[in-house]
Amino acid sequence: MLQVIKQVKRAKIQKTAKKTRQEKKNTVKSFLIDLYSNKPFATAELETLLKEYNIDDKFSQEILDTVKKQIKSK
């Protein structure tokens, strides 16, 4: 019984961690898009930083595509 309780607690912690990670990821994404979609446009700098900090390729591409799209619409 004690083992089951420990597993339930661990599952709750993992679920909370996953939710928090996704929320933070969305916050970072929004921040970077807002920051780099305004003058002075520095998409090359953003691209370099994303590579330098080994940010996931898919996530990096989503950010870069959105920034470039917003810059074109201005």
Side-chain angles (χ1 to χ4, degrees):
M1 184 68 164
L2 186 58
Q3 185 68 15
V4 173
I5 292 171
K6 287 181 180 180
Q7 287 177 340
V8 169
K9 284 182 179 181
R10 195 172 312 134
K12 285 182 181 180
I13 291 170
Q14 288 175 343
K15 185 177 178 182
T16 301
K18 185 176 181 179
K19 181 180 176 188
T20 301
R21 182 177 180 194
Q22 186 60 43
E23 288 172 354
K24 297 298 181 190
K25 188 175 179 180
N26 291 337
T27 300
V28 168
K29 182 178 178 180
S30 294
F31 174 77
L32 290 173
I33 290 169
D34 290 345
L35 181 65
Y36 284 93
S37 293
N38 293 303
K39 289 184 180 182
F41 304 122
T43 52
E45 176 184 279
L46 174 59
E47 193 168 356
T48 300
L49 289 172
L50 292 169
K51 286 180 184 176
E52 184 178 321
Y53 288 97
N54 298 317
I55 305 302
D56 176 79
D57 288 338
K58 183 179 176 188
F59 186 61
S60 296
Q61 197 58 51
E62 288 174 15
I63 293 169
L64 288 166
D65 289 346
T66 304
V67 167
K68 289 174 183 178
K69 186 177 179 180
Q70 288 189 7
I71 289 172
K72 284 182 182 180
S73 68
K74 290 186 177 188

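Heavy-atom basis, side chains included; hydrogens, waters and symmetry copies ignored. All figures in this text were calculated on a predicted structure; none of them were measured in a lab.
Counting only N and O atoms by type, the side chains of Q22 and N26 include a donor and acceptor under 3.5 Å apart.
In this structure, OG in S60 is found 11.0 Å from NZ in K29, a value given to the nearest 0.5 Å. For the atom pair CG of D65 and OG1 of T43, the computed distance is 11.5 Å after rounding to the nearest 0.5 Å. Taking NZ from K25 and CZ from R21, the interatomic distance works out to 6.5 Å, rounded to the nearest 0.5 Å. Atom-to-atom distance recorded for Q61:CD and K58:NZ is 11.5 Å, nearest 0.5 angstrom. The structure places CG of D34 at 7.0 Å from CD of Q70, a figure rounded to the nearest 0.5 Å.
Scanning for salt bridge (Lys or Arg N to Asp or Glu O under 4.0 Å) contacts around K69 gives an empty result, with sequence neighbours left out.
Under a 4.5 Å side-chain heavy-atom criterion applied to ILVMFWY residues, the cluster that includes V4 comprises V8 as well. Other members of the hydrophobic cluster containing L49, listed by chain and number, are V28, F31, L32, I33, L35, Y36, F41, L46, L50, Y53, I55, F59, I63, L64, V67, I71; membership follows side-chain contacts under 4.5 Å among ILVMFWY residues, whether direct or relayed.
Remark: side-chain polar atoms of S30 are not paired, donor with acceptor, to backbone N or O of T27 under 3.5 angstrom.
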